[in-house]
Trainee: 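Structure in structure tokens, see below.
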Amino acid sequence: MSDSPFELPSAVLLADTDAAVEADRIRAGELWHDAPVAGLQFYAYGERGLNGEPIRPRLGQRLGLVRAPDNAFDGYAVEVWLGNGVMLGHLPADVAGWVAGPLDAGRPLRAYCAHPGDGTAWSMRILLVGEALAEQDEPPPAEPCRLHAVAGAEDDDIPF
């Protein structure tokens, strides 16, 4: 997030992208935050799509956010979706904890692909824009909170 009303995230500067509609809103003071996407390696990100290409969003493409309060690992979880049928990952735990309450209260939050990533974990970045970011005094730290994997029994089918 930037304190400068003149600094714009690069994703909104690209003409003919979904994110371009946010440039004037951000100039007018709408809050924004850039964050990585967690869990890319566990969902459809990077898998081969119907066209044979890896599933990755385009720079500036609108993404969906879905609250997942029943998530067994994080009650504040917010899923990141490409369209209606492809889950890409989650917001990092610290960012999800920051926006979950405002989202549950109906505050708007829009998401766009700020960097499509390179196929590795944590490589994709997301631009968040909206009123839900104003609920807390402090944004999450610049480096995401990365939860440590839990060691389980050998027959445990959890994918980490």
Trainee: Does some side-chain heavy atom of Arg62 sit less than 4.5 Å from a side-chain heavy atom of Val21?
Mentor: no

Trainee: Can you name the closest pair of heavy atoms from Gly89 and Val37 and give their distance?
Mentor: CA-CG1, 3.9 Å

Trainee: Identify the heavy atoms of Ser123 and His115 that sit nearest to each other, and give their distance.
Mentor: O-ND1, 3.6 Å

Trainee: Would you say Tyr45's side chain and Gly119's backbone share a donor-acceptor pair under 3.5 angstrom?
Mentor: yes

Trainee: Apply the test side chain to side chain contact (heavy atoms under 4.5 Å, CB included) to residues Val95 and Leu128: give CA-CA distance (whole Å), side-chain angles for both, the deciding distance (0.1 Å), then the verdict.
Mentor: CA-CA 10 Å; Val95 177; Leu128 302 170; 3.8 Å; yes

Trainee: Please report the shortest heavy-atom distance between Pro57 and Met124, naming the atom on each side.
Mentor: CG-CE, 3.6 Å

Trainee: I'd like to check Leu63 versus Leu82 (side-chain heavy atoms, cut-off strictly below 4.5 Å). Are they in contact?
Mentor: yes

Trainee: Quick one: are Pro54 and Arg48 in side-chain contact, heavy atoms under 4.5 Å?
Mentor: yes

Trainee: To the nearest 0.5 Å, how far apart are CG in Leu103 and CG in Leu91?
Mentor: 8.5 Å

Trainee: Enumerate the residue pairs fulfilling side-chain hydrogen bond (donor to acceptor under 3.5 Å, both in side chains) with a member in residues 9-24, sequence neighbours excluded, ordered by first and then second residue.
Mentor: Glu22-Arg25, Glu22-Arg110, Glu22-Tyr112, Asp24-Arg27

Trainee: Starting from Leu14, walk the hydrophobic network (Ile, Leu, Val, Met, Phe, Trp, Tyr; side-chain heavy atoms closer than 4.5 Å) and list everyone else you reach, by chain and number.
Mentor: Leu59

Trainee: Flag yes if Leu109 and Tyr76 sit in one hydrophobic cluster, no otherwise; membership is Ile, Leu, Val, Met, Phe, Trp, Tyr, and two members link when side-chain heavy atoms are under 4.5 Å apart.
Mentor: no

Trainee: What's the shortest heavy-atom distance between Ala114 and Ala11, and which atoms?
Mentor: CA-CB, 4.1 Å

Trainee: Which heavy-atom pair separates Pro36 from Pro92 by the least distance, and what is that distance?
Mentor: O-CD, 3.1 Å

Trainee: Is the shortest heavy-atom distance from the side chain of Glu79 to the side chain of Tyr43 under 4.5 Å?
Mentor: no

Trainee: Check for me, please, whether Leu40 and Leu65 land in the same ILVMFWY cluster - side-chain distances under 4.5 Å, paths through other members count.
Mentor: yes

Trainee: Which atom names give the shortest non-hydrogen contact between Ala77 and Arg67, and what distance separates them?
Mentor: O-NH1, 2.9 Å

Trainee: Start with the C-alpha gap between Asn71 and His90, add the side-chain angles, then the distance that decides, and say whether side chain to side chain contact (heavy atoms under 4.5 Å, CB included) holds.
Mentor: CA-CA 11 Å; Asn71 182 299; His90 291 91; 3.5 Å; yes

